[in-house]
Visitor: 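For reference, the structure I am asking about is given below.
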Amino acid sequence: MADDKREKLLEAIAQEIKRCKKCILHQHRKNAVPGEGNPYAQIMFIGEAPGYHEDIQGRPFVGAAGKLLTTLIESLGLSRSDVFITNVVKCRPPNNRDPIQEEIQACSPYLLRQIKIIKPKIIVTLGRHSTITILKEIGVKVQGITSVRGKVFDTEAFGFKVKIIPTYHPAAALYNPKLKDVLEEDFRFIDVVLREKLDRKREVTLDEFF
Ligand code: URA
Ligand code: SF4
């Protein structure tokens, strides 16, 4: 695919998402939230699902958790327009409940297509659902994120080489200072990986993991 096509391909996916009725979440949405950012981003952030503010604005991570994520992205010396931000599920679950497996299954093909177009060097999964969904794609089965957060899975997936780094969801860190400290620590590690000064001790090859 010629690189100058990325904008158009991503826009076509966004249009599909806005019309999508593949799961029941379409009944409750004000706006679908396809995601936004740089089609050439080196780093992609994947959250869980839109919340109240995201649903109203049709943009990812614009509420309180989004403010924290934006600050963390800026701590990497980047702005939101340098990266790509999206979610596993593109429509808001009622009352911000967790997305169910059926909804994740219906929606995740959009995410996988976005990943394959952007081909980021690093994918940061924010929280449990995003982590489980993405690690499943590389054949790693986890129940939660505690065992994998702050690690880097250096792998070949989606047709290219990519480093997957799971961390906590910024919403979880909002009211828990300890989690916020860990999240900030993980972002310092992301910065190291992004600058390719990789600390091998924290790198997980799949053989080691199993
Ligand atoms: N939480 C998420 O997981 N995604 C958003 O877009 C906003 C809050
Ligand atoms: Fe379609 Fe995803 Fe929205 Fe469900 S959540 S209606 S699969 S875009």
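This chain uses plain numbering: 1 for the first residue, then up along the sequence. Just so you know, ligand 1 is whichever comes first in the structure, and atom 1 is the first atom listed for that ligand.
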Visitor: Hydrogens and angles aside, do Thr70 and Arg80 bring a side-chain donor and acceptor to less than 3.5 Å of each other?
Guide: yes
Visitor: In Å, rounded to the nearest 0.5 Å, how long is the span from NZ of Lys119 to OH of Tyr40?
Guide: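 The OH atom of Tyr40 is 9.5 Å from NZ of Lys119, to the nearest 0.5 Å.
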Visitor: With sequence neighbours excluded, what pairs up with Ser81 under the side chain to side chain contact (heavy atoms under 4.5 Å, CB included) test?
Guide: Ser79
Visitor: Does a side chain donor of either Thr131 or Thr125 reach within less than 3.5 Å of an acceptor in the other side chain?
Guide: yes
Visitor: Which pair of non-hydrogen atoms, one from Cys91 and one from Ala32, has the smallest distance, and what is that distance?
Guide: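 Looking at all heavy atoms of both residues, the shortest contact is SG-CB, 4.0 Å.
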Visitor: Would you name the heavy atoms of His129 and Thr133 that are closest together and state the gap between them?
Guide: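 Closest pair (atom of His129, atom of Thr133, distance): O-OG1, 2.7 Å.
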Visitor: Output the set of protein residues with a heavy-atom contact under 4.0 Å to ligand 1, ordered first by chain identifier and then by residue number.
Guide: Gly47, Glu48, Ala49, Glu54, Pro60, Phe61, Asn87, His169
Visitor: Hydrogens and angles aside, do Lys90 and Gln114 bring a side-chain donor and acceptor to less than 3.5 Å of each other?
Guide: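 Present: a donor and an acceptor within the cut-off.
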Visitor: Filter on ring pair (Phe, Tyr, Trp, His ring centres under 6.0 Å), then keep only pairs touching residues 45-86, sequence neighbours left out; what's left?
Guide: Phe45-Phe187, Phe61-His169
Visitor: Using a cut-off of 2.8 Å, how many protein N, O or S atoms sit around atom 3 (Fe) of ligand 2?
Guide: 1
Visitor: Any heavy-atom pair between the side chains of Val162 and Phe153 that's under 4.5 Å?
Guide: no
